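To start, the structure itself, in structure tokens.
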Amino acid sequence: MQAPWGKRRGLEAADGSPREYPLVCHLCDTAAAALVLWEDHTAPGVREWVANELDMTPHEAGRFIAYLAGLHDIGKTTPGFQCQDSTDKNSVDTIRHEIASYLAVPTLIEHPEKPASFISGIAHRIGEILGGHHGVFPPVDRRTRKPLHVPELGGPEWDTARRTIHTELRAHLNPTLPTCLPQPVAAALTGLVIVADWIVSDARWILESQWDAPIGIAARWEHTLNATRARVHQLGLAHPTPGPLDLARILGGPNRSPNPLQQSIIDDFHPTGPGLLTIATPTGSGKTETAWIAAHKLATATDRYGTLMCLPTQATTNSMWARTSATVDNTVTLAHSMAVFHSPYRHYSTHDPDALRWLNGRKRPMLSAHAVVTIDQLLAAGLTAKHNMVRQWALTGKVVIVDEVHACDIYMLTVLARVLEWLGRLGVPVVLLSATLPGHVSRQLTAAYLTGAGCSSPNPRPVAYPGWVWHPITGSPVEPRNRAQISRAHARTARVTVTHYTGPVEAAAANAIQPVAKNGGCAAVVCSTVDTAQRIYIRIRDTYPGMCVWLLHSRFPHAHRAEIEADIVSMFGPAGDRPDGVVVATSVIEQSLDVDFDVMISELAPVALLFQRLGRVWRHDNPRPAWATEPTLHILDRDGALPYGPAAIYRDSLRELRATRAALAGHGTLIRIPEDVSTLVQQVHNRDLDDLNDLQSQRERRDAGLANIVAIPNPHQLGHLETMTCPDVDDATVAARLGMDTIRLIPAHIGIDGRYYLDPKHEIPYPQGRPPHRFVEAALNASITCPAHWVRDWPTNPDWAGTHLADTVLFPNTCHDGLRLDPELGLVKGNQ
DNA sequence: AACAAAAAAAAA
Ligand SMILES: [Fe+3]
Ligand SMILES: [Fe+3]
């Protein structure tokens, strides 16, 4: 039989005629790449951890992993694959080649263990790893006959051909087969094999580096090892070498001294291995720097020197990326769906184009030792989505930092808890950052990590606010000795009052900002719904004609919203000129804007959110108008039934909404920060999920249940690897977040020539065919996001499939079907 | 009187 071929795509000769790259060459390349990844990409702590799990030395483990990778495409040695374009195509049975690898390998490798059946034992698990090399684990083959007799694998001559390759590989690598191979380790190693395969499947690299190398494994090994090592380093995949903690750089200057929180991490936090550190602190307390200091200690303690920073929004992720890349010498990737449109990152990517072009590919950014990502990227590792094992592998060599944990809803928390179980199991240290965290959430996440790490009866200690708690995987929790000092650093008092209004909320809001209208100063009015914000804005604008009023919500064109936010920060941010006026906004205001108002008016909301908002009152050290004697938040509420807007928005948290009312009434208007914040948040939000059976609890259990359906199994309850990935479910249905779907509207102004234009002046025409990057960027900047069910059956542009404009709809003349884009109000529904 | 904000769905 002729030597089987392995690759053809992209390898055609200059005249276009097909050329074949021998299978044994591709397998040798992959084996070498895996060995290089093991040596240079894998964190030393991970090498040791894997070796322990496999009960081998790290050196043996590396050989074994190279051997695994060297077998991944052995299933291409089948009649169906090798003869796929011959004339008698229909006479041979075909089978996907990764399935063929899964079926053939367990027998091929001659593992000394004698399992009861094909599907039990280490050999089968090794088969599953190889069968999973396209990102989905193979369905377990429960047929009773011997796999050797599966007709798709071909007759004895095919078996011989596979044995020939296997013998050559084994003779060269001389691998030791493991006697234990736990499922979570197998899943992570599958990720490593996949990355090796990706690296050596680049057609240009094959042609430039490998095409003329000798065919035999032994003969080409040295060359290939050197070539793949160069490639791994070129792609930015080398693991960083540890360095000393550069405190001055982290704190932003040699003269900066750490604050009490940071000092307590320096003094009292001494990890000796993996564990979970939970830090609960107000924003603006230097928690990022605190996390970096802690991460450095954790990296040293676990010999894993990568970092992964996860945040809830693209905007905060972008700014965290800027800070991180300025603080870290190594490459830092940015990962979210719109990262390619973040121009500082595009520019940064041109500094090291070889590495970043590769790392910025789909599912790859987290493979960089340092990455800043939306939390969705992390959660995707815990969903039964294709290639989740690549993400799991990417997590192993890092300290994982999750910021703003308090922003997660029940669904996300459930997935996060599952990811934490896995991180515990994989020995990955984790830092959670949060504002006040309800006790039951803190306990749930800690218990998840500890049980994942193998603690049978964890006794988690909830984090005190402000402060931190460290749960090592063995031993008892550790807290800072100087918590009083940390607390004192944030001490202040504030006033939270409740105004009961009758009649329209616009009137109540207009009334509440009277001092600003009369005597100057600045106020923010935070509304529950966009519609309310628009109405209140109009009312205030018309009631006080001389006063400045700004409107901010999420239903402006993307670039317009960015402009408004920039304006507001330039006025009320750290170095703002603080003009007199009122900002009317929705909850966008509490997202990431570092702004400071003299007073704030807010519709009713759960108390944790109210405190987020209160954080924007008297935030910086600014002069105040005479009428503003203390930081104050006025809450607008009705007597009796909950007001319409808040009841609609927080319909799944009505219990917290009512509890907030009661708690504020019981507490009185004086708030001592931080202790009252902690007390009230716990009073309103802390509970156990199962102790009630009202509608809200049922919904919460439903959401948690939905999360458990799309999440991967608990690492300790994992049977066959097939349950890790759902072959029939596409990535869109396995989502990291639940909730109303949103959609982007792209302005489509119709010109006299009948063509579409992005802008009302008809200067930017829609391009023919596939849109260039510049147009896509302009269209996204002009796009307006709204609930998807508002625009059922709106026109779409088929030319945009496969670009970032896929799944958008056209907004004819920005006035269509009851929706209208108002230059002042943003997207308006109905006839306002 | 029908609803904030937030993210995301292509590899060898
Ligand atoms: Fe393959
Ligand atoms: Fe391959």
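For clarity, every value in this text was computed on a predicted model and none was experimentally measured. All values below come from the heavy atoms of this structure, side chains included, with hydrogens, waters and symmetry mates left out. Quick note on labels: first sequence line is chain A, next is B, and so on, each numbered from 1.
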- Any side-chain donor paired with an acceptor under 3.5 Å for A:Gln82 and A:Thr77? no

- More 5' along DNA chain B: A:Ala315 or A:Trp358, using each one's nearest nucleotide? A:Ala315

- Query: How close or far is atom P of B:dA7 from atom CG of A:Leu334, stated in whole angstroms?
  - Reply: 12 Å

- Message: Tell me whether the side-chain N/O atoms of A:Ser201 come closer than 4.0 Å to OP1 or OP2 in B:dA12.
- Response: no

- Query: Going by atom types alone, do A:Ser602 and A:Arg613 pair a side-chain donor with an acceptor below 3.5 Å?
  - Reply: yes

- For the residue pair A:Tyr345 and A:Asn360, confirm or rule out a side-chain donor-acceptor distance under 3.5 Å. yes

- Query: Is A:Ser528 touching bases, backbone alone, or none of the nucleic acid, heavy atoms closer than 4.0 Å?
  - Reply: sugar-phosphate

- Task: May I have the distance from A:Arg362 (atom CZ) to B:dA8 (atom P), rounded to whole angstrom?
- Result: 10 Å

- Classify the side chain of A:Thr742 versus the base of B:dA8 as yes if they form a donor-acceptor pair under 3.5 Å and no if they do not. yes

- Message: Just by distance, no angles: are the side chains of A:Thr808 and A:Arg744 close enough, under 3.5 Å, to form a donor-acceptor pair?
- Response: no

- Task: Mark yes or no for a side-chain to base donor-acceptor pair under 3.5 Å between A:Arg364 and B:dA10, with no hydrogen or angle criteria applied.
- Result: no

- Query: What does A:Val200 touch in the nucleic acid at a heavy-atom separation under 4.0 angstrom: a base, only the sugar-phosphate, or nothing?
  - Reply: nothing

- Nearest to side-chain heavy atoms of A:Lys7, which nucleotide of B:dA4, B:dA8, B:dA12: B:dA12

- For A:His133, which contact category applies under a 4.0 Å heavy-atom criterion: base, sugar-phosphate, or nothing? nothing

- Query: What's the closest nucleotide to the A:Trp198 side chain, out of B:dA4, B:dA11, B:dA7?
  - Reply: B:dA11

- Message: Please tell me whether A:Gln234 and A:Arg231 have a donor and an acceptor in their side chains that are separated by less than 3.5 angstrom.
- Response: yes

- Message: Within the 4.0 Å heavy-atom criterion, would you say A:Asp741 contacts the bases, only the backbone, or no part of the nucleic acid?
- Response: base

- Query: In whole angstroms, how far is the C1' atom of B:dA4 from the CD atom of A:Gln591?
  - Reply: 8 Å

- Item | Plane angle bin for A:His553 and A:Phe556 - parallel if under 30°, tilted between 30 and 60°, otherwise perpendicular | parallel

- So what does A:Arg561 touch, heavy atoms closer than 4.0 Å: a base, only the sugar-phosphate, or nothing? sugar-phosphate

- Message: What is the distance, to the nearest angstrom, from the CD1 atom on A:Ile743 to the P atom on B:dC3?
- Response: 18 Å

- Task: Grab the OH-P distance between A:Tyr644 and B:dA2 for me, whole Å please.
- Result: 6 Å

- Task: Grab the CZ-C1' distance between A:Arg770 and B:dA10 for me, whole Å please.
- Result: 11 Å

- Note on the structure: Which of B:dA10, B:dA4, B:dA6 is nearest the side chain of A:Tyr650? It is B:dA4

- Item | Nearest to side-chain heavy atoms of A:Lys386, which nucleotide of B:dA7, B:dA12, B:dC3 | B:dA12

- Task: Check the distance between B:dA4's C1' and A:Leu604's CG and give it to me in whole angstrom.
- Result: 15 Å

- Query: Among B:dA6, B:dA10, B:dA12, which nucleotide sits nearest the side chain of A:His387?
  - Reply: B:dA12

- Query: What nucleotide among B:dC3, B:dA9, B:dA6 has an atom nearest to a side-chain atom of A:Arg737?
  - Reply: B:dA6

- Message: Base, sugar-phosphate or nothing for A:Arg651? Non-hydrogen atoms, less than 4.0 Å.
- Response: base

- Task: Figure out the CG/C1' separation between A:Asn388 and B:dA9, and round it to whole Å.
- Result: 15 Å

- Item | Under-4.0 Å side-chain N/O to phosphate OP1/OP2 contact, A:Thr374 with B:dA7 | no

- Query: Heavy atoms under 4.0 Å, any strand shown: does A:Gln314 hit a base, just sugar-phosphate, or nothing?
  - Reply: sugar-phosphate

- Message: Please classify the nucleic acid contact of A:Ser587 as base, sugar-phosphate, or nothing, using heavy-atom distances under 4.0 Å.
- Response: base

- Message: With side chain to side chain donor-acceptor pair (under 3.5 Å) as the criterion, how do A:His26 and A:His72 come out once you've worked through the C-alpha distance, each side chain's angles and the decisive distance to 0.1 Å?
- Response: CA-CA 10 Å; A:His26 175 58; A:His72 79 281; 3.2 Å; yes

